[in-house]
Amino acid sequence: MELLIKNARVVDVSQDFIGDIYIKDGVINEISKEIIVKENVEIFDCKGKTLMPAFIDTHAHFRDPGLTWKEDLETGSRAALRGGYTGVCLMANTNPICSSTEVLDYVRNKSKELNLIDIHQCPSVTKNFDGKTLSHLEELKDDNEVKAISDDGVGVSNSNIMMDAMKIAKENNWVLMSHAESSEFSKVDMRIAENMMTLRDIELARITGAHLHMCHVSTIEALECIINAKRKGVNVTLEVTPHHIALTNDINNYRVNPPIREKEDVEAILSAIKMGMIDTIGTDHAPHTLEEKAKGSPGMVGIETAFSICYSTLVKDNIISLNDLSKLMSYNPAKLLGMNKGKISIGVEGDLVLVDIDKKIKIDSEKFASKGRNTPFEGMEYYGEILATIKGGRILYKAL
Ligand code: DOR
């Protein structure tokens, strides 16, 4: 597969120039201000548009197996491509829950057959989210494809079990992704629920030395706790979502866990992003039917809208540069998940996204490739349209 991309503004974590990129056999083969056109090579002229490493989502739910009326691996992958993503880390709250090689094999085989994006499926921390059994992790020790484990959706309540899980994660070089929500407080106060669990998990990470990834961090207190721990050398990374960056609960209180927070929390997230203390943006793409939403299911789809929301809120509003956004959406997620992408350099997979940063778009869920239409951003206008998504030199998504 050969593709020659011409005349793009090329932006990644550390560069910004106008030039050409040549992809051969799936990887970036040449980068230059001008590459001479080769014979029999597909040319993609991108004059006036911005080319970045494709995005990698550190946090998504594709609901396959078992909940495929909400989403499946194909619609999730197509939604990812439409949002500029070629890599995702999927959470384990499927049916059955991903606690076995059978479920892992199912997801991996189906994603190989689809041949659309790179899917990292997280196995659960506790077996079937029972909150206590870790024996299934033994079975996964020799599985080199496992990079991260998570009980996202519920979290691990028992502190002793969480400590043992962190020890196992450390031994195996896995990232432990934490959904910080203390079930003791969920029904009382979702702020206390997040803060208490964050304090606990940070302390356990300090004790065990495990790599802890704090998912969808949303409160000022949790942020402060994690940033302090980072400064003290605790092995912790920090993820935020587009919705916790762009919405405040006085204006839009769409149901999601963790909830949309106060203005002060959002300001704290924005200033942490500016200070370079946030590691990744994860969408927490969580499709539900509108009937399920009406009955109270928490979550929203987000993978098709993440870039424009983040670009408008963070770059257009002068909080960070486009290089920094590329770091949050591509470079750091690739590092976290051990993927050979997320930057534009020779030998790296040819996964790229072409965007029009000047184009204003109106979010229209009818156009989503996802089965989910559950978005609080319906009708809102943002800058930054995804024009094309390229995976290993193949143009797999192109806007009409
Ligand atoms: O709002 C949420 N929805 N938060 C989660 O952690 C899980 C997700 C889902 O799976 O629907």
Side-chain angles (χ1 to χ4, degrees), residues 57-73 75-76 79-80 88-99 103 107 119 121-126 128-129 131 148-157 176-183 185-187 190-191 193-195 197-198 201 213-219 222 238-247 249 252-261 265 280-306 368 370-377:
D57 192 352
T58 48
H59 196 111
H61 303 264
F62 281 2
R63 312 293 195 204
D64 197 352
L67 304 164
T68 52
W69 66 90
K70 297 174 193 262
E71 192 77 291
D72 61 44
L73 286 161
T75 55
V88 292
C89 178
L90 297 186
M91 296 299 126
N93 59 345
T94 49
N95 186 15
I97 288 163
C98 184
S99 302
V103 179
V107 173
I119 291 180
Q121 173 64 57
C122 270
S124 64
V125 176
T126 65
N128 301 325
F129 288 180
I149 56 176
S150 182
D151 271 9
D152 183 74
V154 284
V156 181
S157 293
L176 203 150
M177 296 187 159
S178 163
H179 171 107
E181 180 182 334
S182 159
S183 56
F185 288 102
S186 292
K187 296 227 160 48
M190 283 294 275
R191 173 177 292 273
E194 178 169 349
N195 295 347
M197 211 47 131
T198 301
D201 284 351
H213 179 74
M214 298 304 295
C215 300
H216 44 54
V217 177
S218 70
T219 69
L238 202 171
E239 167 193 287
V240 295
T241 71
H243 47 276
H244 291 115
I245 292 173
L247 301 177
N249 61 8
N252 194 323
N253 212 0
Y254 200 82
R255 176 132 204 256
V256 60
N257 286 339
I260 304 301
R261 301 290 190 186
D265 298 296
T280 75
I281 288 172
T283 66
D284 203 358
H285 177 80
H288 294 290
T289 65
L290 297 182
E291 293 73 32
E292 289 164 333
K293 280 304 292 177
K295 288 188 190 140
S297 296
M300 66 184 75
V301 287
I303 209 160
E304 293 175 70
T305 51
F368 287 170
S370 169
K371 289 182 189 174
R373 300 279 178 271
N374 50 315
T375 174
F377 293 99

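Throughout, numbering of the chain's residues begins at 1 and tracks the sequence. We count ligands from 1, going down the list as the structure has it; atoms in each ligand are counted the same way. Computation of the quantities below employed the complete heavy-atom set of this structure, encompassing side-chain atoms and omitting hydrogens, waters and symmetry-equivalent molecules.
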Point to revise | Flag for Ser157-Ser183: side-chain donor and acceptor within less than 3.5 Å | key: yes

Practice item. Using distance alone, with no hydrogens and no angle criterion, decide if His243 and Asp284 have a side-chain donor and acceptor under 3.5 Å apart. Key: no

Review point. Heavy atom of His288 under 4.0 Å from ligand 1?
Key: yes

Point to revise | Those atoms of ligand 1 less than 4.0 Å from some heavy atom in Gly299 | key: 1 (O), 2 (C), 3 (N)

Revision key, fill the gap. One finds that the ligand 1 atoms under 4.0 Å from a non-hydrogen atom of Ala286 are 3 (N), 8 (C), 9 (C), 11 (O)

Review point. Do His288 and Lys70 meet the criterion of a side-chain donor-acceptor pair at a distance under 3.5 Å?
Key: yes

Practice item. May I ask you to check whether Glu304 and His285 show a side-chain donor-acceptor distance below 3.5 Å? Key: no

**Study point:** 4.0 Å heavy-atom contact, His59 with ligand 1
**Key:** no

Practice item. Starting from atom 5 (C) of ligand 1, find the nearest protein heavy-atom neighbour and note its residue, name and distance. Key: Asn257 O, 3.7 Å

Check your understanding: Does the distance from a Lys or Arg side-chain N to an Asp or Glu carboxylate O, for Asp72 and Arg63, drop under 4.0 Å?
Key -> no

Check your understanding: Do we see a donor-acceptor contact under 3.5 Å between the side chains of Thr219 and Asp265?
Key -> no

Practice item. Assess the side chains of Glu239 and His59: does a donor N or O sit below 3.5 Å from an acceptor N or O? Key: yes

**Study point:** Distance from atom 3 (N) of ligand 1 to nearest protein heavy atom, with residue and atom
**Key:** Pro298 O, 3.1 Å

Practice item. Around atom 9 (C) of ligand 1, find the nearest protein heavy atom and jot down its residue, atom name and distance. Key: Arg63 NH2, 3.4 Å

Check your understanding: What's the shortest distance from atom 6 (O) of ligand 1 to any protein heavy atom, and which residue and atom give it?
Key -> His179 CE1, 2.9 Å

Exercise for review: Run the numbers for me: atoms of ligand 1, each under 4.0 Å from some heavy atom of Val256, listed by number.
Suggested key: 1 (O)

